[in-house]
Amino acid sequence: MTLARLHQAKADRQPIAMLTAYEAGLARTAAAAGVDAFLVGDSLGMVVQGQRDTLGVTVDEVAYHAAMVRRGAGDVPVIADMPFLSDATVERALDAAGVLMGEGGADMVKLEGGAEKAEIVRVLAENGVPVCGHVGLLPQRVRKLGGYRVQGRGEDGARRIIEDAQALVAAGVDLLVVECVPHALGRALAEAVEVPVIGIGAGADTDGQVLVMHDMLGLTERTPRFVRNFMDGAASIQGAFEAYVDAVRTRRFPTEEESF
Ligand code: KIV
């Protein structure tokens with residue numbers, strides 16, 4: 001899949017199966033299982049480095065892991081996260097994107113935030129950087145939010161997230177991730193914007209799903225309700241990846257019980 005094919009998948013109503021990845025071997029195995037895109041998430045701070053949240057991750061660390069994923073991913077697109085505050089100003093965002101795409105080999109960068117990030121997205125896009133937005137729950141703001149909570153409940157909350165997404169699309173994002181919102185808002189968001197909307201904890205009616213690889217392989221001690229352990233009943237890690245791709249493509253993941 002190229003980035004253009006992610007857009008075609010939305011047009012064809014073919015759900016996109018995305019996974020996080022942090023190294024070459026598992027990226028190669030997941031690519032062989034049919035995963036459509038990889039996210040080198042700053043979740044690496046928690047699942048690889050053992051930190052309590054994602055805030056300590058640096059641009060160089062994401063680039064280091066992205067370069068490994070790039071080598072294993074073949075022609076599967078690789079999206080790299082802009083770590084905490086690396087996108088706080090236009091200048092910092094341009095520098096970070098240069099490292100993530102240049103040294104990390106990423107095809108696209110992802111940044112967290114809504115309309116307040118529109119100007120930064122616009123400058124990145126104008127300079128040839130494909131950008132993925134991230135709305136809903138923003139893990140980089142967890143210390144300000146005081147915890148990981150479902151976002152966009154109620155009419156006002158839902159409207160704010162849709163308006164944020166529309167502002168990001170108008171500014172030039174090519175893809176959106178929406179995290180931890182009610183099922184109905186995930187669906188409304190996918191209908192409201194022309195770019196593919198990839199959900200995590202956002203119900204089955206977004207244009208695709210993303211999970212943290214360590215979570216869906218059952219390696220994480222405590223997981224939220226929207227995570228399924230795909231190692232259950234799988235004979236191998238590749239089998240678990242195949243089960244995930246199949247469950248996403250057939251919209252058998254997530255179920256209502258796995259949604260908000
Ligand atoms: O860092 C990450 O893995 C992410 C996903 C949770 C979407 O941003």
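All ligand and atom numbering here is 1-based and tracks the order in the structure.
Within the 4.0 Å heavy-atom criterion, neither part of Glu112 lies near ligand 1.
For the pair Asp156 and Arg159, the salt-bridge criterion is met [side-chain N within less than 4.0 Å of a carboxylate O]. Between Asp42 and Lys110 there is no salt bridge, since no side-chain N of the basic residue sits under 4.0 Å from a carboxylate O of the acidic one. Under the 4.0 Å criterion applied to side-chain N and carboxylate O atoms, Lys117 and Asp164 are not assigned as salt-bridge partners. Ion pairing between a basic and an acidic side chain is recognised when a charged N comes within 4.0 Å of a carboxylate O; Arg160 and Glu163 show no such pairing.
For ligand 1, the atoms sitting less than 4.0 Å from at least one non-hydrogen atom of Gly41 are 1 (O), 2 (C), 3 (O), numbered in the order shown with element in parentheses. Contact atoms of ligand 1 toward Asp81: 1 (O), 2 (C), 8 (O) (distance under 4.0 Å to a heavy atom of the residue). Near Ile200, meaning under 4.0 Å from any of its heavy atoms, are these atoms of ligand 1: 6 (C). Under a 4.0 Å criterion applied to the non-hydrogen atoms of His134, ligand 1 contributes the atoms 8 (O).
Side chain of Asp107 to backbone of Val78: a donor-acceptor contact under 3.5 angstrom is found.
At under 3.5 Å, not a single nitrogen or oxygen of Glu179, backbone or side chain, sits near a nitrogen or oxygen of ligand 1. In terms of N/O distances under 3.5 Å, ligand 1 is not approached by Thr20.
With respect to atom 7 (C) of ligand 1, the closest heavy atom belonging to the protein is Leu39 CD2, 3.7 Å. Among all non-hydrogen protein atoms, the one lying nearest atom 8 (O) of ligand 1 is Lys110 NZ, 2.9 Å. Considering only non-hydrogen protein atoms, atom 3 (O) of ligand 1 sits nearest to Ser43 OG, 2.5 Å.
Counting non-hydrogen atoms of neighbouring residues, nucleotides and ligands closer than 6.0 angstrom, the CD atom of Glu116 exceeds 12 such neighbours.
Within the 4.5 Å cutoff, no side-chain heavy atoms of Val212 are placed close to those of Met46.
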